[in-house]
Chemist: 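Would you mind keeping the following structure in view while I ask a few things?
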Amino acid sequence: MSETSSPEVHPAWLPPSAFRALGSRRVHVEASGPLADTVRAEVARACALFGGNASSPPAAADLILTLAAVPSSGSGDGFLLARRGAATIVIADGPAGLLHGLFEVVRRGEAAFAPDLADERHEPALGLRVLDHWDNVDVHPVMGQVERGYAGGSIFWHHGRLRNDLTRVRDYARLLAATGINAVTVNNVNVHRSETHLLTDRLGEVAAIASTLRPYGIRLHLAINFAAPVILGDLPTADPLDDRVRRWWRETTDRVFATIPDFGGYLVKADSEGQPGPFTYGRTHADGANMLAAALAPHDAPVRWRAFVYNHRQDWRDRSTDRARAAHDHFAPLDGQFSGNVILQVKHGPMDFQTREPVSPVLFAMPRTRVAVELQVTQEYTGQQRHVCYLPPMWSGVLAFRPDGDSGPALAERLSTRTPGGGVLSAVANVGDDPFWTGHPLAQANLYAVGRLAWSPGRDPAAILDEWITLTFPDAPRQALHDLMADSWLTYEQYTAPLGVGFMVRPGHHYGPDVDGYEYTPWGTYHFADRDGIGVDRTTATGTGFTSQYPHPWSERYESPATCPDELLLFFHHVPYTHVLHSGTTVIQHIYDTHFAGAERVADMRARWADLAGTIDPAVHARVTERLAEQLRSAEEWRDQINTYFHRKSGIPDAKGRTIH
Ligand code: GCU
């Protein structure tokens, strides 16, 4: 099979114009080593384009990039941006800080050279900022090359092997470095047979990717198969307490580090959706994770162990089993049992990356465990990169959530202060070999923003959006683009599953409406709609008891419909259609109103995008135009199926008399 790569790859947020301010100046870089060489090459490229001087003597320089005299004890990612005399200066804590400082100057443009620039210290809130690719080496018969990928094939792998040309991987590393991301996992958490071999006999391919990412300060991680010692044929068991197994992992890991000295660590999906794990041997998740941690510890690297463990063969007739409870039930009792280099990686919500979920209580239930939050940039349940859906407002809500109530620290602070090395944010990547990287060109904003939020979780998503627009579309009317995208997550929510109930998607691929698609399946994702009402009773008084997994005051807030936020009402409660929301409207009328409004907003987005023709690169404009047509078709389909379904179930007409089929 031949590799086809498009000759025209979109520059995303690093078009040549982004380097104008830097490239037209006299620049001095005072550092040596591989990352400093990358910085120097970036400066040289920019100056060649815009007439600046890339090797100015320091006394004449407009910009000086240098390392701090005393190296910092931290990650080395931080830097000071300041004005000294007539020059702007970046004083970096370490080589990576030099690179981040360079990209801060790029982002600022002319403003980086303002004579009154005040001293600014920049440092990431979270130490490990990692994108997890769900890329398969082989083309999986159901999932294809990239599981839940909506942007073409993998940029790493092509039909069973490493791509010959890794130019795009290098470009990708550059784009990521400019957002603050510092690690990438190059294979799917569902580790099939070929991918299991990446750890051993196919490690050379992994090393080639690592070398390509390295110049931009991106470290490589691998998703591993817990049963690797068995699958690779070396041992009859993968029991984590068996000495032979422990030795196998130690020796295998030593070989990984001998080949890739800056290898980042392992990612593991165990005992989940059919993946092997310690349960097979009657062992706990702590036993499994600690075994891998022991193999990684001499190399000072972590294992990220996913908490996404639940029964995917549930009986839909059994209303007492609650998938939302599963991760907490499995993991909270293990608090204190994990080694120091185990990071428990927890999806941000208790279910599965739905458009609206409460924050997973596991994220703050384990004070003696290193915990990471996992976000999903790939739009599995949020429009599959055919719909505009700017996700950072949702992510910010998660990071700003205060587990102890309104006065305690936000989740992001807890994740960073508790953890040596400054916490972890991981996110499932949305990139493929598509010329626009993300299928939908506007989905690039989600990728850009996840890096920016991992660096600085308190930043306003709207400001990040403006930053992205300014870099990516320097000639487009910024406000018009901003208005089109800023609330697109809320628009998407309006025309899909209501009030936090989730799913209602087509089973398997998860695109488009199917209200009962998962209702009588083993997956544990139900809405329980009947003629009287809808929603899942997760209260402690009468339901599954999920609310009791939250600390005070959230357990009480969620327990009562009187205090539960409207947008999560059906996640926590089964209520009659006539239940009146805090907004003053009934549940059924809310369903009708939001579904009509959501589809109308998409029609409006499409019209506004059409008006932007001529201000946006024609290829981008055409691609987005095509996607918006599909988004409108899909939004209308959602609107009609949901409204009709609930009209038929409830028998209650729309108070405004609109057409329900
Ligand atoms: C979802 C998704 C799967 C994925 C899983 C996971 O269920 O649909 O494709 O493997 O999450 O996060 O492991």
Side-chain angles (χ1 to χ4, degrees), residues 1-20 23 38 41-42 44-46 48-50 99 102-103 106-107 131 133-135 144-146 149-159 161-181 184 186 208-209 211-218 220 377-379 384-386 388 429-451 467-476 481 616-627:
M1 201 90 49
S2 75
E3 279 187 30
T4 48
S5 68
S6 164
E8 283 294 323
V9 176
H10 189 254
W13 47 88
L14 293 180
S17 60
F19 292 82
R20 186 183 308 276
T38 302
E42 286 288 345
R45 167 148 84 170
L49 273 176
F50 294 106
L99 196 59
L102 170 86
F103 284 120
V106 170
R107 263 193 300 276
L131 282 169
H133 279 254
W134 286 357
D135 295 17
Q145 189 91 50
V146 181
Y150 312 105
S154 167
I155 58 169
F156 307 116
W157 315 103
H158 186 73
H159 286 271
R161 58 180 175 78
L162 180 69
R163 285 184 175 272
N164 295 328
D165 180 359
L166 294 179
T167 312
R168 282 206 67 172
V169 175
R170 192 182 161 89
D171 291 348
Y172 181 53
R174 180 172 181 255
L175 286 171
L176 295 188
T179 73
I181 290 290
V184 159
V186 294
I209 302 176
S211 306
T212 311
L213 298 171
R214 189 172 296 119
Y216 283 95
I218 311 279
L220 182 147
V377 190
T378 195
Q379 291 172 237
Q384 305 204 344
Q385 282 142 249
R386 288 184 250 183
V388 182
N430 65 346
V431 158
D433 68 353
D434 170 71
F436 298 101
W437 296 96
T438 50
H440 200 310
L442 302 185
Q444 287 177 9
N446 288 329
L447 183 64
Y448 179 82
V450 84
E467 199 176 270
W468 174 79
I469 294 170
T470 306
L471 288 166
T472 309
F473 299 110
D475 304 320
L481 268 168
I616 303 236
D617 166 20
V620 174
H621 196 271
R623 174 68 75 91
V624 176
T625 299
E626 163 214 312
R627 303 264 151 154

Chemist: Just jot down the salt bridge (Lys or Arg N to Asp or Glu O under 4.0 Å) partners of Arg214, sequence neighbours excluded, or say none.
Modeler: Asp262
Chemist: Between Glu8 (side chain only) and Pro435 (backbone N and O only), is there a donor and an acceptor less than 3.5 Å apart?
Modeler: no
Chemist: Looking at CZ of Arg170 and CD1 of Ile209, how far apart are the two atoms once the value is rounded to the nearest 0.5 Å?
Modeler: 15.0 Å
Chemist: Kindly say whether Ser154 contributes a backbone atom to a donor-acceptor pair with the side chain of Arg163 at under 3.5 angstrom?
Modeler: yes
Chemist: Evaluate Val146 against His133 for side chain to side chain contact (heavy atoms under 4.5 Å, CB included), listing each step before the verdict.
Modeler: CA-CA 8 Å; Val146 181; His133 279 254; over 6 Å; no
Chemist: Is the shortest heavy-atom distance from the side chain of Tyr172 to the side chain of Ile218 under 4.5 Å?
Modeler: no
Chemist: Using side-chain heavy atoms (C-beta onward) and a distance below 4.5 Å, is Asp433 in contact with Arg168?
Modeler: yes
Chemist: For Pro215 versus Leu99, what's the shortest heavy-atom pair and its separation?
Modeler: O-CD2, 4.4 Å
Chemist: Using a distance-only test with no angle check, is there a side-chain donor-acceptor pair under 3.5 angstrom linking Gln444 and His10?
Modeler: yes
Chemist: Roughly how far, to the nearest 0.5 Å, is the CD atom of Gln379 from the CD atom of Gln384?
Modeler: 9.0 Å
Chemist: The criterion is side chain to side chain contact (heavy atoms under 4.5 Å, CB included); which residues satisfy it with Thr179, sequence neighbours excluded?
Modeler: Trp13, Ile181, Tyr448
Chemist: In Å and rounded to the nearest 0.5 Å, what is the CG to CG distance from Leu447 to Leu175?
Modeler: 7.5 Å
Chemist: So do Leu442 and Trp468 actually touch side chain to side chain, heavy atoms under 4.5 Å?
Modeler: yes
Chemist: Ala476: which residues meet the side chain to side chain contact (heavy atoms under 4.5 Å, CB included) condition with it, sequence neighbours left out?
Modeler: Phe473, Leu481, Thr615, Ile616
Chemist: Closest heavy-atom contact between Ala173 and Leu213?
Modeler: CB-CD2, 3.9 Å
Chemist: Looking only at heavy atoms, what is the nearest atom pair of Ala12 and Pro15, with distance?
Modeler: O-CD, 3.5 Å
Chemist: Just verifying a value: how many Å separate Tyr216 OH and Leu176 CG, rounded to the nearest 0.5 Å?
Modeler: 11.5 Å
Chemist: Listed by chain and number, what are the side-chain hydrogen bond (donor to acceptor under 3.5 Å, both in side chains) partners of Ser17, not counting sequence neighbours?
Modeler: none
Chemist: Before giving the answer on side chain to side chain contact (heavy atoms under 4.5 Å, CB included), spell out for Arg107 and Leu471 the whole-Å C-alpha distance, their side-chain angles and the decisive distance to 0.1 Å.
Modeler: CA-CA 7 Å; Arg107 263 193 300 276; Leu471 288 166; 3.9 Å; yes
Chemist: With rounding to the nearest 0.5 angstrom, report the CD to NE2 distance, Glu626 to His440.
Modeler: 9.0 Å
Chemist: Run the side chain to side chain contact (heavy atoms under 4.5 Å, CB included) test against Ala41 and tell me which residues pass, sequence neighbours left out.
Modeler: none
Chemist: Would you find a donor on one side and an acceptor on the other, under 3.5 Å apart, between the side chain of Thr438 and the backbone of Val431?
Modeler: no
Chemist: If you measure from CD1 on Ile155 to OG1 on Thr167, what distance do you get to the nearest 0.5 Å?
Modeler: 11.0 Å
Chemist: Do Asn430 and Thr378 pair up side chain to side chain, a donor and an acceptor below 3.5 Å, judged on atom types alone?
Modeler: no
Chemist: Does some side-chain heavy atom of Val624 sit less than 4.5 Å from a side-chain heavy atom of Phe436?
Modeler: no
Chemist: Who pairs with Ala208 by side chain to side chain contact (heavy atoms under 4.5 Å, CB included), at least two apart in sequence or on another chain?
Modeler: Leu162, Leu166
Chemist: Give the intermediate values and the outcome of side chain to side chain contact (heavy atoms under 4.5 Å, CB included) for residues Asp475 and Asp617.
Modeler: CA-CA 9 Å; Asp475 304 320; Asp617 166 20; over 6 Å; no
Chemist: Are Tyr150 and Arg386 side-chain neighbours, meaning at least one heavy-atom pair lies under 4.5 Å?
Modeler: no
Chemist: Is the closest side-chain heavy-atom distance between Gln385 and Asn446 below 4.5 Å?
Modeler: no
Chemist: Using only atom types and a distance under 3.5 Å, with no angle test, would you say the side chain of Trp437 pairs donor to acceptor with the backbone of Ala151?
Modeler: no
Chemist: Are Arg623 and Asp434 ion-paired here, with the side-chain N under 4.0 Å from a carboxylate O?
Modeler: yes
Chemist: Would you sort out whether Phe19 and Leu49 count as a side chain to side chain contact (heavy atoms under 4.5 Å, CB included), showing the intermediate values?
Modeler: CA-CA 9 Å; Phe19 292 82; Leu49 273 176; 5.5 Å; no
